[in-house]
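First comes the structure, then the notes that go with it.
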Amino acid sequence: KSTAAQPARYSTTVPSAGFTMTNPRTAATIKAIAAVGTAATLVFLLQSYWRNRKDGEKSSPSSGGGDAASSAANPSAPPLLQPAMEGHLTTVQTIVALHLVSLENPSSASEDEAAFAQFQERKSLADAADQQGNGAVHAAAFAGHLDVLRFLSEECGADLTTANGIGCTPLWLAAGYGHVDVLQYLVERTRMRLSAVFPDGEEAGKEFTRALSVSNGSGDSPLVAACHKGHGECARVLLRAAEGCSGGGGARDMLRATNKGGDTALH
């Protein structure tokens with residue numbers, strides 16, 4: 001089978017995970033405010049964002065997603081999206097901290113209850129996504145900002161497994177865009193998570209291989225994306241991680257998996 005048409009398919013599939021979702025003026029305003037430390041104004045922006053998001057959830061335009069009515073229902077992108085994509089860890093941390101400051105905790109809440117409530121708020125902020133399903137973790141993985149991704153995961157409890165609107169997980173984006181350090185981190189976090197859930201080693205291995213092979217909407221696995229884009233080291237990270245899984249066939253299964261066009265990673 002000729003592979004001449006494959007770049008065109010990827011040129012519409014892979015870059016569509018590119019992040020054109022944030023209003024540049026809003027992003028610039030948030031960054032500028034965070035930089036000069038005007039906390040009250042940034043808190044106001046964060047509260048406005050959540051207000052707009054709640055209003056958007058209540059409305060259900062009959063014309064469907066992607067049109068002007070849908071955009072008007074939720075005009076603001078998640079506050080962490082653009083800073084995460086640009087690798088501004090300090091801005092991300094500042095937004096999270098000021099969001100927590102803006103909250104009102106019940107005076108009757110115990111220390112544990114208050115801590116749990118704050119964790120839930122951090123996670124909610126970190127997991128917030130735009131209308132295309134892109135969140136801060138997708139932005140950080142797409143752009144290769146490991147420090148931002150680590151903060152979102154370890155300090156905010158962000159979900160690293162969620163897929164965006166076209167089916168790309170953070171792991172897929174890291175592999176497809178050649179960010180080896182980010183991919184290694186995501187692989188290890190995946191291994192740790194599944195080892196805790198599946199005490200049986202063989203079952204954990206099968207689930208681990210499956211997690212490394214989650215495909216996007218075109219059926220392209222992270223390995224296919226890495227190989228097509230020429231990211232050899234990313235491909236090696238995935239195959240080495242799968243070695244010894246699924247009865248020793250994890251890497252072999254990944255190489256044999258096909259996308260919707262019938263292509264494997266070797267094509």
Side-chain angles (χ1 to χ4, degrees), residues 11 13-39 41-50 52-53 71 74-102 121-166 168-186 189 225 229 231 234:
S11 68
T13 300
V14 178
S16 62
F19 296 75
T20 58
M21 67 293 294
T22 299
N23 183 315
R25 286 192 303 174
T26 301
T29 301
I30 289 175
K31 285 199 301 180
I33 290 172
V36 299
T38 51
T41 308
L42 183 52
V43 166
F44 172 77
L45 285 178
L46 291 169
Q47 290 173 335
S48 297
Y49 162 72
W50 288 113
N52 288 333
R53 188 180 180 205
S71 297
N74 185 13
S76 300
L80 298 182
L81 195 62
Q82 195 73 14
M85 186 176 70
E86 295 178 355
H88 296 300
L89 176 60
T90 301
T91 302
V92 170
Q93 292 170 325
T94 301
I95 291 174
V96 171
L98 291 176
H99 175 62
L100 296 178
V101 169
S102 72
E121 287 293 339
R122 288 198 303 273
K123 179 171 174 55
S124 180
L125 184 62
D127 285 341
D130 68 357
Q131 292 178 340
Q132 289 76 44
N134 290 308
V137 291
H138 299 97
F142 166 78
H145 300 303
L146 178 57
D147 55 347
V148 175
L149 190 66
R150 189 188 299 275
F151 172 77
L152 293 169
S153 171
E154 299 177 16
E155 300 298 327
C156 301
D159 185 355
L160 298 178
T161 66
T162 186
N164 66 12
I166 60 171
C168 295
T169 64
L171 190 148
W172 194 104
L173 292 167
Y177 287 92
H179 303 304
V180 178
D181 56 343
V182 173
L183 180 60
Q184 289 174 326
Y185 175 76
L186 290 169
R189 294 293 291 186
K229 288 293 187 177
H231 303 310
C234 285

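Starting from 1, each residue takes its place in the sequence as its number. Bear in mind that the values here come from a model prediction, so they are computed numbers and not experimental data.
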Q | Minimum heavy-atom distance between A129 and P78, given as atom pair plus value | A | C-CG, 3.5 Å

Q.
So, taking the atom named CZ in R122 and the one named CZ in F151, what distance separates them when rounded to the nearest 0.5 Å?
A. 8.0 Å

Q | Heavy-atom side-chain proximity of L173 to V182 below 4.5 angstrom | A | no

Q. Do you know which two heavy atoms are closest between A174 and C234, and how far apart they sit?
A. O-SG, 4.0 Å

Q | Nearest atoms (heavy-atom pairs only) where A136 meets L152 | A | CB-CD1, 3.7 Å

**Q.** H138 and L81, any side-chain heavy atoms less than 4.5 Å apart
**A.** no

Q. Rounded to the nearest 0.5 Å, how far apart are CG of L146 and CD of Q184?
A. 9.5 Å

Q) In chain order, what residues pass the side chain to side chain donor-acceptor pair (under 3.5 Å) check against T162, with sequence neighbours excluded? A) none

Q: Over all heavy atoms of both residues, which pair between I95 and P83 is shortest? Give the atoms and the distance, please.
A: CD1-CG, 4.2 Å

Q | Note, H145 side chain near L89 side chain (heavy atom, < 4.5 Å) | A | no

(Q) Could you measure the distance from the SG atom of C156 to the CD atom of E121? Nearest 0.5 Å is fine. (A) 11.5 Å

Q) Is there side-chain contact between L80 and V148, with heavy atoms separated by less than 4.5 Å? A) no

Q. Any idea which heavy atoms bring M85 and A143 closest together, and the distance?
A. O-CB, 3.1 Å

(Q) Could you measure the distance from the CD1 atom of I166 to the CH2 atom of W172? Nearest 0.5 Å is fine. (A) 6.5 Å

(Q) So, taking the atom named OH in Y185 and the one named CZ in R150, what distance separates them when rounded to the nearest 0.5 Å? (A) 5.5 Å

**Q.** Side-chain touch V137/L149, heavy atoms, less than 4.5 angstrom
**A.** yes

Q.
Within this structure, what is the CG-NE2 distance for the pair L125 and H99, rounded to the nearest 0.5 Å?
A. 5.0 Å

